[in-house]
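A quick write-up on the structure given underneath.
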Amino acid sequence: MFRPVRRFVSRSRPVIPIAIGICVGITLSLLCSPLLDSNCGFDSFVHVGSSRKTNAFFAGIDDKGNPLNDDDFEPVLMTANNPPVKKSIEQHRLVRMRYISSELGIRDKLFVGVVVSRGDIDLESTTVGINKTISHYVSKLVFFTKSSDPEAGLTGLNVVPIEADKTVTRTFEIWKSIYENYGNDYDFFLLIQDDTYLFGERMIDFVGQINIGQDVYMGIPIHEADMEVTYCRREAGYIISRNLLNQVGEFWEDCMRKSWSSMPDLEIGRCVHEHTGAVCSAQHEGSLYHSYNFEDKVLTPVEMSDRGLRKALTVYNVMDRRTIFKLHMFFNEMALNQTYKKITANQKIIEVTSKYTPEGKQSLSWPTGIHSPYNPSTRFDIFSWEYFSMTHLYGSSDAEPKIPLTGANKHDIDEVLTTAMSRLNDKYDNAFMLGHLVNGYRRFDPTRGMEYTLDLELKLTGEKKEIQKRVHLLRPLNKVEIVSMPYVTEYTQVTIIVPVVFSNREEVRLFLDSFSKICLESHDKSSLMLIFIYTPTEARSMATNDIFGVTKGYVTYLERKYPGSHISWISVKTSIPSLIAVMDVVAAKFPSDTLIFLTNVKVELSTEFLNRVRMNTINIWQVFFPIPFSQYDPAIIYADAPNPNHIDVSKSAGHFDNHLYEHASFYNSDYSHARQLWDEKHPGSTTDHIQSDIDLFEMFLNTKLHVFRAVEPALKQRFQERTCHPTLHEDQYQRCLEGRAEGLASRSQLAMLVFQQQQQEEH
């Protein structure tokens, strides 16, 4: 009997601890359940909390206008008989700034004001010299004059007229204008006279070392013992920080009324000291303001060696524009020499420290400090070299493997040869004279710049012996400069002008359908004007048999289908249509601020391209001549395949036709101005001799406007057979023939076509 019990106990021994644990747990839960139903006084001994708290921000108000907090957001039990009541929360919309610099409070560094006191602004005044030498350095340059009418041709100056008879009153008015219009936009404000030269690069570095949060009143100090005030001499210029200007700005007018002396710099210093306690100082945080008096002096080698001039930020009492340019050249040469010294010193440091790198001195690339040459990963990434001689350039493109060395290319090669000979003679004590260029190679490396390899045949000076040397040169890439442009938006209305002749009247329907889909259905801000061009013969039968009657009827249908659409047309009679002749008619029918896009019926419109027209065309600044992607002849490229009826940007479907200039966008006022200058350059001429589309391009080149011409993938043009009139100028006629030949198909496609025709003739 005991044997089975003993056997059972031995087998169940591993389970016994588990059973005991379960029993103890059940017993404890039964004993503690009455205590959990009530707090039993444990609130004072037990703290229930969370080890981590989530920080959340709730924005909104309830129905009564009270702000909501964390307690208003609580879980709600959703049942069929008790549906939850939704609380309406009014979210406040966050208004963001247009520019991140405005939101972060980032300001431009330096504002420079120039007090024009020596007559009006003209081409020979020192004001022009000041503008040309410092406008590209400082953030803002404003000229405060007595009149607002600068000489014609100087409209690029930022002129602010301050009408005041007394010098003291005018100075206070200038500072008041600066405070009200520019007080929160710049960190430092510098006021100089119109006979003061300012080295902008050094001044920018100078103010860049000063704490923008300090009260700064810097210049050349003069102490007035009777009034117990130290003020800055106005001839040398003086700097006031934004913090100081904001403190004293509201008191300028009060100080102007209380002023009694005839010295404006004294009154400004007295006002600053009275309301802020600041006095003029030439030194701040280790930065020292230097200025140089150039009165009755000439820029001679003796003056150039003067330490006071070489350290100066400003040079005052400069009496003519030519001297300002000489001073600017002197200071820039001095800065350039210092830059060369820094480059040499840095190169030596790199060479010394390179031996401590894992690769050792082998890690150095030539020139020292410049990126190493690009290392291609595949054969498709290899940059090809161009071969050149003294007369021709080889391998620049597949279309023209050999072109004459002219223009910018010739200037580039000549400069490289001159630099190579100069460096060789510096190294070998003028031992060589250039015989001729044996071989020349160049390529552009986007990581470092333009590389050159020259094989030169050199003549030894004073000897008949000739030797050959191979030299390597690099034109490194410089820092990228951001060119400031006027502000434009994508909300400007574009007026599309399309000339239509009899030969392409069938294409108008496709263009109108494209315009309806892209512009009318999407309510794009654009309008369309069709120019129906009649020859004298076609114009005589227009009343009985209008060749464009069907097209005009379709325009009327679109106007009814899309109410409010801006589609119009006019009829023009001319024997030889040209873009300038068309624009002469159109320009008179639109306001001067109209943005015009001149094109043809072969293009495919897109919203992307129209927005690019708006962004790249700037009134009184820039015109846009896009290079379209032109389709090849479909009869050739789709001879053995179906025509897809759309244009893909690929080398087998078309090419960017740089021979076309008939697509252009500009403002009507810019066209009128360019047309006036063209008439002055070609007096007595009419539009009958203007037959080429390049004449419109050259007309804008004759102005001071920027002419922007670039490839435009979004502008696609269907194939058109080009007609070249023998009456064109010789160069224009040849250009037209080249464009017509290149527009048929690619070289490989034309070669295949010729091969197939030869095969057919043989069989």
Side-chain angles (χ1 to χ4, degrees), residues 495-515 527-556 558 567-590 596-605 625-626 628 630-631 633-635 657 659-665 671 686-697 699 715-729 732-733 735-737 739-740 743-744:
T495 301
I496 305 174
I497 306 297
V498 182
V500 183
V501 295
F502 177 75
S503 59
N504 56 21
R505 69 187 188 281
E506 300 297 334
E507 300 282 346
V508 182
R509 182 67 177 265
L510 293 176
F511 179 84
L512 289 174
D513 291 340
S514 174
F515 177 78
S527 60
L528 174 65
M529 173 176 279
L530 300 175
I531 313 296
F532 296 113
I533 300 175
Y534 296 82
T535 62
T537 304
E538 296 167 347
R540 284 193 293 269
S541 61
M542 184 170 58
T544 57
N545 184 20
D546 191 354
I547 59 175
F548 298 112
V550 176
T551 305
K552 294 176 182 178
Y554 190 66
V555 171
T556 304
L558 291 178
I567 307 178
S568 58
W569 56 267
I570 59 174
S571 300
V572 177
K573 183 181 74 171
T574 180
S575 57
I576 304 178
S578 67
L579 297 183
I580 294 182
V582 169
M583 279 306 307
D584 287 343
V585 177
V586 172
K589 299 184 178 297
F590 291 98
I596 294 175
F597 171 53
L598 185 62
T599 185
N600 59 37
V601 297
K602 296 284 187 176
V603 301
E604 294 182 356
L605 295 176
F625 280 80
S630 298
Q631 184 187 32
D633 188 354
D657 195 346
H659 295 282
L660 284 180
Y661 292 86
E662 57 187 88
H663 307 283
S665 64
Y671 173 81
T686 61
T687 56
D688 294 336
H689 76 287
I690 304 174
Q691 305 174 25
S692 175
D693 55 357
I694 198 174
D695 289 318
L696 180 65
F697 179 75
M699 187 180 74
L715 179 61
K716 303 175 184 178
Q717 176 175 291
R718 294 185 296 275
F719 172 75
Q720 65 173 350
E721 188 173 351
R722 199 169 305 178
T723 303
C724 300
H725 298 282
T727 56
L728 292 170
H729 295 296
Q732 295 178 352
Y733 183 69
R735 186 180 61 84
C736 182
L737 292 178
R740 184 171 65 180
L744 291 175

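- Residues A539 and K573 come closest through the heavy atom pair CB-CD, 3.6 Å.
- Remark: D657 engages R722 in a salt bridge (charged side-chain N to carboxylate O under 4.0 Å, His left out) (not counting sequence neighbours).
- Using a 4.5 Å heavy-atom cutoff, the side chains of V585 and V582 are not in contact.
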From CA spacing to verdict: side-chain contact (heavy atoms from CB on, under 4.5 Å), M529, I567: CA-CA 6 Å; M529 173 176 279; I567 307 178; over 6 Å; no

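- Once rounded to the nearest 0.5 Å, the distance linking CG of L715 with OG1 of T599 reads 6.0 Å.
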side-chain contact (heavy atoms from CB on, under 4.5 Å) assessment of L579 paired with L598: CA-CA 8 Å; L579 297 183; L598 185 62; 3.9 Å; yes

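- At distances below 3.5 Å, at least one donor-acceptor pair connects side-chain atoms of T535 with backbone N or O atoms of E538.
- When all heavy atoms of F502 and I547 are compared, the closest pair comes out as CD1-CD1, 3.6 Å.
- Relative to the six-membered ring of F548, R505 misses at least one condition, a distance below 6.0 Å or an angle of at most 45° to the axis.
- Side-chain contact check for V500 versus V601: some heavy-atom pair is nearer than 4.5 Å.
- Salt-bridge formation is detected for the pair R718/E507: a Lys NZ or Arg NE/NH1/NH2 atom is positioned less than 4.0 Å from an Asp or Glu carboxylate oxygen.
- Across every non-hydrogen atom of A664 and F625, the tightest pair is CB-CE2, 3.4 Å.
- From N504, atom CG reaches atom CG of N600 across 7.5 Å, with rounding to the nearest 0.5 Å.
- One finds the CG atom of L510 at 9.0 Å from the NZ atom of K602 (value rounded to the nearest 0.5 Å).
- Remark: side-chain polar atoms of D584 are not paired, donor with acceptor, to backbone N or O of A581 under 3.5 angstrom.
- Closest approach of T495 to S527, counting heavy atoms only: OG1-OG, 3.3 Å.
- Side chains of V498 and I496 form a contact here, defined as non-hydrogen atoms less than 4.5 Å apart.
- If you take OG on S665 and CD1 on I596, they are separated by 10.0 Å, rounding to the nearest 0.5 Å.
- For the pair I531 and I497, the minimum side-chain heavy-atom distance is below 4.5 Å.
- Taken from CG in N545 to CZ in R540, the straight-line distance is 13.5 Å, to the nearest 0.5 Å.
- Listed here is the closest heavy atom pair of P626 and H663: CD-O, 3.3 Å.
- Of the possible donor and acceptor atoms, one in the side chain of Y671 sits under 3.5 Å from a partner among the backbone N and O of I580.
- Residues C724 and L737 share a closest heavy-atom pair of SG-N, 3.7 Å.
- At least one side-chain heavy atom of W569 sits less than 4.5 Å from a side-chain heavy atom of K552.
- Side-chain contact between V603 and S514 is absent, with no heavy-atom pair separated by less than 4.5 Å.
- L558 places none of its side-chain heavy atoms less than 4.5 Å from the side chain of F515.
- In this structure, the separation between CG on L696 and CE on M583 is 8.0 Å, given to the nearest 0.5 Å.
- With contacts defined as side-chain heavy-atom distances shorter than 4.5 Å, the pair L512/Y554 qualifies.
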Pair S630-F719, side-chain contact (heavy atoms from CB on, under 4.5 Å): steps then yes or no: CA-CA 6 Å; S630 298; F719 172 75; over 6 Å; no

